[in-house]
Amino acid sequence: MSKKRVLSGIQPSGRLHIGNLVGALQNWVRLQDTYECYYFIADWHALTSQYADTSQLKDNVKDVLVNCLAAGLDPERATIFAQSRVVEHAELHVLLSMVTPLTWLERVPTYKEKQTEVKDKDLNTYGFLGYPLLQSADILIYRANYVPVGVDQMPHLEITREIGRRFNNFYGEVFPEPEGLLTEFPKVVGTDGRKMSKTYGNCIYLSDTPKEVEQKVRTMTTDPHRIKRTDKGDPELSPVYQLHNIFSSKEEIEEVAAGCRTAGIGCIDCKKVLIRNLLSVMEPIWEKRRHFLGKPDLLEDILSSGSHKARQAAIETMLMARKAMGLGSIT
Ligand code: TRP
């Protein structure tokens, strides 16, 4: 029996942080043997909001690729590619746009949210409205069965299913219904207790140095009611504890929680344990980052052969989609 297909993408909109690592990349790595995996860098999606200044785009694509490889994605086992190098995504986007009611796009929650949230860019563009439809094309063109994403992407998956269904209703079964694979750690807190996000400036980046990681953890907020070392704390109120829950062993988690509740340990002691564990997770990633950053030709090879492979799969679907729609050969 052939393996089910998994497809997921990540935007090259800046440096990746440990939230991306545990929320997406590590999950992608786990899936690579069980499924036929396609993972891509969504450079066109980055353009939907960052079209005005593309000077960083290339570097960001490179950095995402390096991080994917450093996190353990293996080009021998998964197909890793760039969206813009598989031009068939754009063709399917055009075909799908014919059957997509405007209201479906306008009511996607991320559309209005982002438009009001993002003040420094003009997102009144055709491309930005079409963001979820481009994502639908990304998914449907591989006839993917599963899409590992965070909860925030569920509306995009929903519209993908609706559009696939609508296409199938008009032209015959081409697209299977993709299902979301919710990631195990959908939310990682940042150094200030809010969701880890570039826009909040509370991230621990994969490109940080050990010193920066240490400094960031040392200045993290903890239980705000625990002011003096002798005050008893509530670990549940501490973002440091939330990171322990992800990066520390069961014993360590129990130990720091008990130490916090009884004032047996101070916040610095607790942070030291977290720093040690973060460094040991990040050290092998840093080493691989150094390795790949020193080999730009290898990176280009990986991206171009991955994109070539992805294209073969995309071309196959396009033959079916064109035929179903009455395009293609007139004989
Ligand atoms: N919108 C996704 C994000 O911001 C990135 C993405 C683009 C994607 N196309 C996709 C994810 C297709 C999964 C499948 O995270």
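Treat the numbers as computed from the prediction; the structure is a model and nothing was measured. In each ligand, atom 1 is the first atom listed, and ligand 1 is the first ligand listed.
Atom SG of residue C270 and atom OH of residue Y241 lie 9.5 Å apart, to the nearest 0.5 angstrom. Considering CG of L69 and CG of L299, their distance stands at 6.5 Å, rounded to 0.5 Å.
In summary, D234 and R261 do not engage in a salt bridge, as defined by a charged side-chain N under 4.0 Å from a carboxylate O. The pair R107-E162 meets the salt-bridge criterion, since a charged nitrogen lies less than 4.0 angstrom from a carboxylate oxygen. For the pair D223 and R226, the salt-bridge criterion is not met [side-chain N within less than 4.0 Å of a carboxylate O].
Considering only residues two or more places apart in sequence or on other chains, E300 meets the salt bridge (Lys or Arg N to Asp or Glu O under 4.0 Å) condition with R85.
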Mind listing the N or O contacts between ligand 1 and protein, cut-off under 3.5 Å?
{"unit_1": "ligand 1", "atom_1": "1 (N)", "unit_2": "Y131", "atom_2": "OH", "d": "2.7"}
{"unit_1": "ligand 1", "atom_1": "1 (N)", "unit_2": "Q135", "atom_2": "OE1", "d": "3.0"}
{"unit_1": "ligand 1", "atom_1": "1 (N)", "unit_2": "Q153", "atom_2": "OE1", "d": "3.0"}
{"unit_1": "ligand 1", "atom_1": "4 (O)", "unit_2": "Q11", "atom_2": "NE2", "d": "3.4"}
{"unit_1": "ligand 1", "atom_1": "4 (O)", "unit_2": "Y131", "atom_2": "OH", "d": "3.2"}
{"unit_1": "ligand 1", "atom_1": "9 (N)", "unit_2": "D138", "atom_2": "OD2", "d": "2.8"}

